Amino acid sequence: MGRQVTARKRRRLEQAVPAVAQPAIARPLLRWYARAKRDLPWRGTADPYRVWVSEIMLQQTQVERVRGYFARFLEWFPTVHDLAAAREHDVLRRWEGLGYYRRARQLHAAARRIVADHDGEFPRTVAELMALPGIGRYTAGAIASIAFDMPAPIVEANSRRVFARLVGHDRPLGGAAGDAPIWEVAERLVPTRGAGRFNQAVMDLGAMICTPDRPLCARCPLANVCVAHATCRVDEIPVKAPRRRSRQMHETAVVMRHGGHVLVERRGPGQWWEGLWDFPRDAAATGRKLGAVRYTVTHHQIECVVRERSAARRSPSTDKRRWVTVAGLATLAMTAPGRRIAALLKQSSSI
DNA sequence: AATTCGGGGCT
DNA sequence: AGCCCAGAATT
């Protein structure tokens, strides 16, 4: 009997949310936000450059990871002009360890375009922002709302979960089709003024209250209008899409040595970690085994055996190959496995 | 519509 | 070992 009542109640609530809409949600949410918001280094300013850099860094990257990078990056590149004037390799160096290095290259390219085409002024509309490399619908909405107070909606990991629970959306999320209903909810709820605060409030709610596991509904300012809460389906929403299983891979890295120097190569276009340095890979390599490095890239699990050999001579350096001292590796932007191989090197030489 | 990009932290 | 994360671009 409870089933039917629940289903009817669910339908009623699903229709109620868009109708109740803005004030009933924004008011308690913003009151909560004023009291509980996170203290984050990129807040407290509407400087579009800082908002932009933070949003790019935050793509698929947890807030706590970005904290340290953000301040250092801004010391190196305080304005969009500094970033535009920098060399790509120096930008990649300051990005090393954050992952998704395409973001850094596109950030750099976009900075140059903002300086060249927009005279250093950021575009203010979602459409213009999306025309810049590395800026999709989410990032454009975030910059437009936070830096320029435009009524632009956003959907990302937190708001996706918050909105799905709020309206009781129980279909698999992700992708253009899966997220489309969530974007509709976001569009309906974003206020015409103070959209930036609203968007950040939704994200903070998702990060602190409406968490993936064991959300703190007892402390949620929206609990009384939340369909998932009312129908006891908080644990079932959002519905997770099935995940791909990972593939195993094997490779051999070679440490070529000559007179205190080692050989490194720069990853080219189409390769993982484009623009970053690493030790050469050679499946047929022979030589003394130094150890192994295991790492994961998205859904690939790679076991990398590390061998060392001595070279008869040092080939001339190019922009793709270079002989450097072990100490000199510190000045290069390196891949994560490359950095770990370098650590292996120091370890073995100190023994 | 499906894949491909990193990497660390947490359970 | 699996899951998660202030997504975007490419095919």
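Because the structure is predicted, anything quoted here is derived from the model rather than measured. Each chain gets a letter, A, B and so on, in the order the sequences are listed, and its residues count up from 1.
Side-chain contact between A:Ser159 and A:Phe163: present, with at least one pair of heavy atoms (C-beta onward) separated by less than 4.5 Å. A 4.5 Å side-chain heavy-atom check between A:Tyr49 and A:Ile114 finds every atom pair outside the cut-off.
A:Trp183 carries A:Arg137 over the face of its six-membered ring, with the cationic atom under 6.0 Å from the centre and within 45° of the normal. Geometrically, A:Arg72 engages A:Tyr69 in a cation-pi contact defined by less than 6.0 Å to the ring centre and at most 45° from the axis.
Taking atom P in both C:dA6 and B:dC10, the straight-line distance is 13 Å, to the nearest Å. C:dC5 and B:dG6 are spaced 11 Å apart, taking the C1' atom of each and rounding to whole Å.
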Validation: residues 118-131 of chain A side-chain donor-acceptor distances under 3.5 Å, sequence neighbours left out:
residue	atom	partner	partner atom	Å
A:Thr125	OG1	A:Glu128	N	3.2
A:Thr125	OG1	A:Glu128	OE1	2.9

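In this structure, A:Arg288 contributes its side chain and A:Glu308 its backbone to no donor-acceptor pair below 3.5 Å.
Atom OH in A:Tyr69 sits roughly 15 Å away from atom C1' in C:dC5 (whole-Å rounding).
The side chain to side chain contact (heavy atoms under 4.5 Å, CB included) search around A:Leu216 returns A:Ile209, A:Arg219, not counting sequence neighbours. The side chain to side chain contact (heavy atoms under 4.5 Å, CB included) search around A:Pro151 returns none, not counting sequence neighbours. In this view, A:Arg102 and A:Arg105, A:Gln106 satisfy the side chain to side chain contact (heavy atoms under 4.5 Å, CB included) rule, not counting sequence neighbours. Applying the side chain to side chain contact (heavy atoms under 4.5 Å, CB included) rule to A:Pro212 yields the partners A:Arg161; only residues at least two apart in sequence or on another chain are considered.
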Show, in sequence, the C-alpha distance, side-chain angles and deciding distance for A:Thr252 and A:Asp282, and conclude whether the side chain to side chain donor-acceptor pair (under 3.5 Å) test is met.
CA-CA 6 Å; A:Thr252 303; A:Asp282 179 2; over 6 Å; no
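Comparing atom distances between the A:Gln301 side chain and each of C:dC5, C:dA1, B:dG6 picks out C:dA1 as nearest. Set against C:dA1, C:dC4, C:dA8, the side chain of A:Lys240 has C:dC4 as its closest nucleotide.
For the segment residues 194-218 of chain A, the set of residues with a heavy atom within less than 4.0 Å of an atom of DNA chain B is empty. Using a 4.0 Å cutoff on non-hydrogen atoms, the parts of residues 152-159 of chain A near DNA chain C are A:Glu156, A:Ala157, A:Asn158, ordered by number. A heavy atom closer than 4.0 Å to some atom of DNA chain C occurs in no member of residues 274-283 of chain A. Taking a 4.0 Å limit (strictly below) on heavy-atom distances, residues 54-68 of chain A reaches DNA chain B at A:Gln60, A:Thr61, A:Gln62, A:Arg65.
If you chain together ILVMFWY residues whose side-chain heavy atoms come under 4.5 Å of each other, A:Val239 ends up in a group of its own.
Applying the 6.0 Å contact sphere to CZ of A:Arg197 captures no more than 12 heavy atoms from other residues, nucleotides or ligands.
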Using a cutoff of under 3.5 Å, can you pull out all pairs of nitrogen or oxygen atoms linking the protein to nucleotides 9-11 of chain C, with atom names and distances?
residue	atom	partner	partner atom	Å
C:dA9	OP1	A:Gly134	N	2.5

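The stretch residues 39-58 of chain A participates, sequence neighbours left out, in these salt bridge (Lys or Arg N to Asp or Glu O under 4.0 Å) pairs: A:Arg43-A:Asp204.
Taking the six-membered ring for Trp and the full ring otherwise, the centers of A:His300 and A:Trp272 sit less than 6.0 Å from each other.
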